[in-house]
Asks: 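Sharing a structure, written as structure tokens. Questions coming.
By convention in this document, chain letters (A, B, ...) are assigned in the order of the sequence lines, proteins followed by strands, and residues within each chain are numbered from 1. Remember, it's a predicted structure, so these values are computed and weren't measured experimentally.
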2 protein chains.
Amino acid sequence: MDSKEFREFGKAMIDYVADYMDNIRDRNVLPSVEPGYLEKLVPKDTPELGEDWKSIMTDIERVIMPGITHWNSPHFHAYYPTACSFPSIVGEILSAGLSSIGFSWISSPACTELEVVMMNWLGNLLGLPETFLNSSSGPGGGTIQGSASEATLVGLLSAREKTVKELRENDPSLSESDIRGRLVAYTSDQANSSVEKAGLLGAVPMKHVPADENGCLRGEALQKAIDEDKRNNRIPFYVVATLGSTGTCAFDKLEEIGPICKKEGVWLHIDAAYAGTAFVCPEYRPLMKGVHYADSFNYNPHKWMLVNFDCSAMWFQNVKHLVESFNVDRIYLKHQHEGHAPDYRHWQIALGRRFRSLKLWFTLRIYGVEGIRNHVRSQIALAKYFEELVSGDSRFEVLTSNLGLVCFRLKGDDKLTKDLLQKITEKKKLYLISCYYRNKFVIRFVICSRLTNSSDVEFAWKEISGIANEIIPRKFFENVKMPSISSIADSCKNNGIVGLNDAFSKGAA
Amino acid sequence: MDSKEFREFGKAMIDYVADYMDNIRDRNVLPSVEPGYLEKLVPKDTPELGEDWKSIMTDIERVIMPGITHWNSPHFHAYYPTACSFPSIVGEILSAGLSSIGFSWISSPACTELEVVMMNWLGNLLGLPETFLNSSSGPGGGTIQGSASEATLVGLLSAREKTVKELRENDPSLSESDIRGRLVAYTSDQANSSVEKAGLLGAVPMKHVPADENGCLRGEALQKAIDEDKRNNRIPFYVVATLGSTGTCAFDKLEEIGPICKKEGVWLHIDAAYAGTAFVCPEYRPLMKGVHYADSFNYNPHKWMLVNFDCSAMWFQNVKHLVESFNVDRIYLKHQHEGHAPDYRHWQIALGRRFRSLKLWFTLRIYGVEGIRNHVRSQIALAKYFEELVSGDSRFEVLTSNLGLVCFRLKGDDKLTKDLLQKITEKKKLYLISCYYRNKFVIRFVICSRLTNSSDVEFAWKEISGIANEIIPRKFFENVKMPSISSIADSCKNNGIVGLNDAFSKGAA
């Protein structure tokens, strides 16, 4: 394929993606295929001769689209969002075109340096303590990881090696394997599965400390777990606190946990994968009070902040511990500028790395601080709108509502809500998933797509309440009322939620 | 940014990338900037208000390009290639547009299923044993990882957990931490730094077994290391063999190593990051003889096979060991189709994953088997051409020549070659790096860019030999001769290298 054909193919794909977004409401959010559908639609092997690009374009609708779960659909309310924005897609094109592999400064200086600056932009945008930033005079710094899973593991491995090194320095009689065998890490029983996985991969027990009745990890429970392990000759070394848990978007109490970690000499990592984006709005920063206690902090611009996957932002209070754990040098990686700029390969698991800061740069410039804040605020307002709709129906109860996530259920036995979710999923018009909260089965409703607007929320509610009619006899819901837009607006205002105009007109951006 | 603006911005970027490739020879391959250059060119913080996309386009030449090391330049001969092709870039656009996160089958069936099929296509393209393939009836299978570093670590962690589990099953009196403390892994002293790093991250010693004088790991040396460790009550559990070492592209002897690993019950992982692509040509498959002994095999289509980073292909003989080590389930990840298709999150470190098989599909279809083979063969022919040019100059010696990599030096003291490389690097017209071979300092010359043709090789040789003139007085090089194209063609033919027509006309593709 020469550059002339690339211009045609590339532009056809730009139009395809634009059309896809423009008409995304025409598609069911969930696909109808069964496992194994795709292999029947494609040849068994690579074609002997090259094909024309037009045959690929044709195959997208025939082969790919029937099997897509549409994360961009305004009717996707499952998991948490995956970001997608137009400037970010264009950033990917440039990144692919340059094909820089930024494992060291010299391997492509712009790749390292734009990342250094972008991590400062982001840190300031979130209101993080300056000690985390590359621009501070201290040993802190930020980098882009591939995912929150990776960040949690990187934090764990750094903490582990730091602990082993320090304990052996203090007491050379201790054997390395003895120390490693006694290490223990902690997180809440509400933490994401990737935290438990980090423990598995790092070969250390990751203990699930019981959260309180609101799903928050509290200092008392953590202290109790640490004390018990110390009595049993264990070595506590790592705590993962969650800001915005996967189930219900609960916030662990950093102000209680942080001082305990300091006192015990335990590395505190904060996983704010989804909720971190909210901190671009000053009114949500109280939710991260105590963040200065953290040794590392991570959130995903690729979740809620409009930057396409993968772009997971991670900061450290002291990069030295990380680099000492991860540094493996070779003559072919050496260059004369070492020490004057970070060689980011020492900050992550892999050697190679893409030029991911480009899409971050493009996105932040196109939206600006104002645009990002509007996006966050309007999505929270939409969740609030959904909450009000659910609350107005006496068959339902809302159990939690935090940021863009509302957890609700049908009153009564779990079976009712399970039936409801199954019927919703079978219809494929909405995608929602479940979790347990206070031993009750609940449905999670998340505002995910950048394109979701108030009509989409109303569509979702009509679907859900309509299906509920099949489960609960009519006599039970005579009191159903649809709240007026103005009552929602008032309610939002009373809760300090702004940005309604955007949310109720055209969606976020 | 609305879809109308995206169409304009996206198409402008397509044209920018096409123009960049068309005119890439106008740029120095190495940048002239100093560390810290970029922060002076951009604001300290995110702009308050969103900007126009045209201002971003303008800033690419002003801010980014001065700091780019041009991996796509035909004058880039450092490290190993990073792949870039037009169909692959277009695949990235669709992947970004769909924004699928394929952690489970239901999270986007096409994302899982196309990967399953593509890994079969690739396995067959390389001539791998069928037991590795998803399409086989056995427990094998393939997946896309982010990098060879990640693949080596995934292999190590699977092997580690499998070993701990099996030993404890055999002898429940063994403590887990005792086993972990006695584990030991092996690789050659020529292996990539990422293998040593995998040992660090996995908290197991990664022993560097001395390679033979050709840089190859041999059975005898491995057996000696294993025996010694067993005598010292260690537990050998993992061997990483390299096909195409980073320094000189040497090949470890699988036929010697494989039977030892089988006999000792040690997991054998093969890292063929760069050289794996050569196996698409049947004439190079003898270099992987013994591959059937491997428990896991990895190579990077994102290096030499025209698929943009990241796309690292990894196969396992038995996926069960992997999934058992990595499986952490949660209610919010469950779906009704479990067991009917792989949930790839259990095959890797992170939970999230991009739709990377799209770019693989696009690339394989546009090039076809024939196009990929032509690419490989013509790049090897170009390396052979360079080798002949160097060999024709009596001041120089070629120490190794394997696939697309030629290692050469000036005869005599290392200082001469070090001076030569420094002067080449300072001129910024070519990018080459060094390594040591048999205790001598050598320069590595790799055919990297898809765009490199015979004129580029001649350009490189004129640069190198011209700079050599500054180092070695003229009287020493009276015998310099430029070999004729026909003599190179004969030489290639005698060495079983085909595909010259492509290489000597227009470059690879």
Asks: Which bit of B:Ala78 is near chain A, if near means a heavy-atom gap under 4.5 Å: side chain, backbone, both or neither?
Replies: neither
Asks: Less than 4.5 Å to any heavy atom of chain A: does that hold for the side chain of B:Asp15, its backbone, both, or neither?
Replies: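 Backbone plus side chain of B:Asp15, per the 4.5 Å heavy-atom cut-off to chain A.
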Asks: Starting at OG of B:Ser88, measure out to CZ of B:Phe309 and round the result to the nearest 0.5 Å.
Replies: 12.0 Å
Asks: For chain A, which of B:Ser55, B:Ser149, B:Gly146, B:Pro35 has the most heavy-atom pairs under 4.5 Å?
Replies: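 Highest number of pairs under 4.5 Å: B:Pro35.
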Asks: Sort B:Arg7 into side chain, backbone, both or neither according to what part of it lies under 4.5 angstrom from a heavy atom of chain A.
Replies: both
Asks: Counting only non-hydrogen atoms closer than 4.5 Å, does A:Tyr37 touch chain B with its backbone (N, CA, C, O), its side chain (CB onward), both, or neither?
Replies: both
Asks: Which of the residues B:Glu39, B:Lys11, B:Glu370 is involved in the greatest number of heavy-atom pairs with chain A at under 4.5 angstrom?
Replies: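 It is B:Lys11.
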Asks: Quick one: which of A:Ile64, A:Leu153, A:Leu364 has the most heavy-atom pairs under 4.5 Å with chain B, could you say?
Replies: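 That would be A:Ile64.
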Asks: Taking B:Asn120's backbone N and O only, do any of them form a donor-acceptor pair with B:Asn134's side chain (distance below 3.5 Å, no angle check)?
Replies: no
Asks: Is it the side chain or the backbone of A:Pro43 that comes within 4.5 Å of chain B heavy atoms, both, or neither?
Replies: both
Asks: Relative to chain B, which segment of A:Arg180 carries a heavy atom at a distance below 4.5 Å: side chain, backbone, both, or neither?
Replies: side chain
Asks: For the candidates A:Val116, A:Ile372, A:Leu125, A:Ile68, which exhibits the highest count of non-hydrogen atom pairs separated by less than 4.5 Å from chain B?
Replies: A:Ile68
Asks: Report the option among B:Ala203, B:Pro31, B:Ser312 that has the most heavy-atom pairs separated by less than 4.5 Å from atoms of chain A.
Replies: B:Ala203
Asks: Hey, which of B:Val90, B:Val164, B:Val17, B:Asp22 has the most heavy atom pairs under 4.5 Å with chain A?
Replies: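 The residue among B:Val90, B:Val164, B:Val17, B:Asp22 with the greatest pair count is B:Val90.
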Asks: Determine yes or no for a side-chain-to-main-chain donor-acceptor pair under 3.5 angstrom, with A:Asp2 supplying the side chain and A:Glu5 the backbone.
Replies: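 Such a contact is found between A:Asp2 side chain and A:Glu5 backbone.
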Asks: Any idea which heavy atoms bring A:Phe355 and A:Ser95 closest together, and the distance?
Replies: O-OG, 3.4 Å
Asks: Nearest heavy-atom pair of B:Gly181 and A:Ser177: which atoms, and what distance?
Replies: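 Taking B:Gly181 first and A:Ser177 second, the nearest heavy atoms are CA-CB, 3.5 Å.
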Asks: Given the options B:Gly10, B:Ala18, B:Ala12, B:Gly202, which has more heavy-atom pairs under 4.5 Å with chain A than any of the others?
Replies: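 Ranked by heavy-atom pairs under 4.5 Å with chain A, first place is B:Ala18.
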Asks: Answer yes or no: is there an ion pair linking A:Arg182 with A:Asp178, defined by an N-O contact shorter than 4.0 Å?
Replies: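 Counted as a salt bridge, because a side-chain N and a carboxylate O are separated by less than 4.0 Å.
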Asks: Using 0.5 Å steps for rounding, measure from the CZ atom of B:Phe103 to the CD atom of B:Gln348.
Replies: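 Here the rounded value is 11.5 Å.
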Asks: Looking at B:Val33, B:Ile366, B:Ile60, which one has more heavy-atom pairs under 4.5 Å with chain A than the rest?
Replies: B:Ile366
Asks: Looking only at atom types and distance, does a side-chain atom of B:Trp71 sit under 3.5 Å from a main-chain N or O of A:Ser107, one as donor and one as acceptor?
Replies: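 Checked: pair present.
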Asks: If you measure from OG on B:Ser194 to CG on A:Leu351, what distance do you get to the nearest 0.5 Å?
Replies: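 One finds 6.0 Å between OG of B:Ser194 and CG of A:Leu351.
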Asks: For B:Arg160 and A:Leu201, indicate whether the former's side chain and the latter's backbone hold a donor-acceptor pair under 3.5 Å.
Replies: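 Confirmed, B:Arg160 side chain pairs with A:Leu201 backbone.
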Asks: For B:Leu157, is it the side chain, the backbone, both, or neither that has a heavy atom closer than 4.5 Å to a heavy atom of chain A?
Replies: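 When you check distances to chain A, only side chain atoms of B:Leu157 fall under 4.5 Å.
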Asks: Can you say whether A:Thr46 sits under 4.5 Å from chain B via the side chain, the backbone, both, or neither, judging by heavy atoms?
Replies: both
Asks: Using a 4.5 angstrom heavy-atom cutoff, name the option from A:Leu94, A:Thr425, A:Asp310 with the most pairs to chain B.
Replies: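 Heavy-atom pair counts peak at A:Leu94.
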Asks: With no hydrogens and no angle check, just 3.5 Å: does a side-chain donor-acceptor pair link A:His70 and A:Tyr431?
Replies: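 There is no such pair between these side chains.
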Asks: Find the one option among A:Lys359, A:Glu92, A:Glu34, A:Met118 whose heavy-atom pairs under 4.5 Å with chain B are most numerous.
Replies: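 Most heavy-atom pairs within the cutoff with chain B belong to A:Glu34.
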Asks: When only pairs under 4.5 Å are counted, which of A:Met21, A:His302, A:Arg353 shares the most heavy-atom pairs with chain B?
Replies: A:Arg353
Asks: Verify, without hydrogens or angle tests, whether A:Glu113 (side chain) and B:Gly36 (backbone) share a donor-acceptor contact under 3.5 angstrom.
Replies: yes
Asks: Please rank A:Leu49, A:Ile349, A:Asn124, A:Ile101 by heavy-atom pairs under 4.5 Å with chain B and give me the top one.
Replies: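 The residue among A:Leu49, A:Ile349, A:Asn124, A:Ile101 with the greatest pair count is A:Ile101.
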Asks: So, taking the atom named CG in A:Leu98 and the one named CG in B:Asn72, what distance separates them when rounded to the nearest 0.5 Å?
Replies: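 Reported to 0.5 Å precision, the distance equals 7.5 Å.
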Asks: For B:Ser147, which atoms come within 4.5 Å of any heavy atom of chain A: side chain, backbone, both, or neither?
Replies: side chain
